Amino acid sequence: MRHRRLFTIGAALAAAILVGATAALAGSGSGHGQFRPPPDSLRALAAPIGLRIGTAVTPFELDHPDYAQITGDQFSSVTPGNEMKWQVVEPTRGTYDWSGGDRLVSFAQQHDQLVRGHTLVWHNQLPDWLTSGVSNGTISNTDLRNLLHKHITDEVTHFRGQIWQWDVANEFFTDSNPSGINPNDFWISHLGTGVLADAFRWAHAADPHALLFFNDYNIAGEDGSNAKSDAVYAWVKTMLAQHVPIDGIGDQGHLDTQYGFPTQMTADLQRYAKLGLKVAITEADVRTFVNNATDQVPTDHLATFAQPYEFSKMLKACLAVQSCISFTVWGFGDANSWIPGFFTGEGYATIYDVNLNPKPAYMDMQEDLTLAARGAPRRGFGDEH
Ligand code: XIL
């Protein structure tokens, strides 16, 4: 009996060592819990409450060691900035290029990160062969519907098991008051509003385990009237009533210091959550007017306070809602941001400066996450020293 017991302990120990060795081996090349981020990194500070801090990534920038280091150390989720969009994955009809997406997925596996897939149905960044085929009549509406079904099926199948959240549909609501599904949208005008539900069904069929999101901007009160949020809320309720497989709502979170912070944000995220949905901030940045696109120094001194303030408020809105599972910044360095190219005269929109030094917004996020995980130290009676 005694011997037997010793043997059992010995065998258990050996098995444990073996399991450890296997895990270490797997970890050396492919993640599996082996990556150790710095303890004061955003991802480490957010880990105790189960929140993922993400960033958009340009996969070929990972060739730069500084960029790759920050991507791996600071973030527990990554989103390809462009490399899963239709224009990039199928530049020529019938010929796929998954290289950018695949590269990011493998980086994510090596760094214990999850991947947000972005995006399957959108009016922007479509391949020329598709849009010109539609406008010259060689692609009929029936063809278009079949092409979309095939695109979603092929892309979701290619990445099956490797995507945590998919932005299935992106930017379908108008900016007017009241807001609604945009009848002039490329997809809606050709295929009708029902195509949205179909897109979710097709994505679900191709990867039943991925979380499927509807993603849009200004849907957490950023428009001031809350009209767009009201419209998305009403729409997603009907989707859920029809058992459409939609798991979450992503608010892009592109803010601008000239408009002030949307005070409705927490309440808006919370009401999506109360429907049983996950929520996420998917593309956070806060732009402001700058001297030029290279240096990106704010022209108004107060903007250096407003910019981190709005980042912090947005993170806190997510922290306050238990179903907010990820907070993703749309790139982490001002030099890599899309803002100067799209908003004339604006920049300084990310959490690292043009030289990849952390900005006040980064420090504020660190503080917010520290407080979220541990709370403020409890006051004593003056005898704590
Ligand atoms: C942007 C990319 O960052 C740019 O590199 C690209 O030229 C245009 O698209 N909302 C979205 C994102 O959903 O896909 C957009 O990304 C930014 C706005």
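Nothing fancy with the numbering, it's 1 onward along the sequence. We count ligands from 1, going down the list as the structure has it; atoms in each ligand are counted the same way. All figures in this text were calculated on a predicted structure; none of them were measured in a lab.
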- Note on the structure: Between the CG atom in Asn170 and the CG atom in Asp216, the distance rounded to the nearest 0.5 Å is 6.5 Å
- Item | side-chain contact (heavy atoms from CB on, under 4.5 Å) against Ala317, all qualifying residues, sequence neighbours excluded | Met265, Thr266, Leu269
Return a table of N or O atom pairs, ligand 1 on one side and protein on the other, at distances under 3.5 Å, rounded to 0.1 Å.
residue, atom, partner, partner atom, Å
ligand 1, 3 (O), Trp330, NE1, 2.9
ligand 1, 5 (O), Asn82, ND2, 3.0
ligand 1, 9 (O), Lys85, NZ, 3.2
ligand 1, 9 (O), Gln125, OE1, 3.2
ligand 1, 10 (N), Glu171, OE2, 3.4
ligand 1, 10 (N), Glu283, OE1, 3.0
ligand 1, 13 (O), His118, NE2, 3.3
ligand 1, 13 (O), Asn170, ND2, 3.0
ligand 1, 13 (O), Gln252, NE2, 3.4
ligand 1, 13 (O), Glu283, OE1, 3.3
ligand 1, 13 (O), Glu283, OE2, 2.8
ligand 1, 14 (O), Lys85, NZ, 2.7
ligand 1, 14 (O), His118, NE2, 2.7
ligand 1, 16 (O), Lys85, NZ, 3.3
ligand 1, 16 (O), Trp330, NE1, 3.3

- Geometric class of the Trp98/His158 ring pair [parallel <30°, tilted 30-60°, perpendicular >60°]: parallel
- Item | Pairs flagged by side chain to side chain donor-acceptor pair (under 3.5 Å) wherever residues 40-58 is involved - sequence neighbours left out | none
- Under 4.0 Å between a Lys/Arg side-chain N and an Asp/Glu carboxylate O for Lys228 and Asp268? no
- Query: Which side chain to side chain donor-acceptor pair (under 3.5 Å) pairs, counting each pair once, include a residue from residues 299-310, with sequence neighbours left out?
  - Reply: none
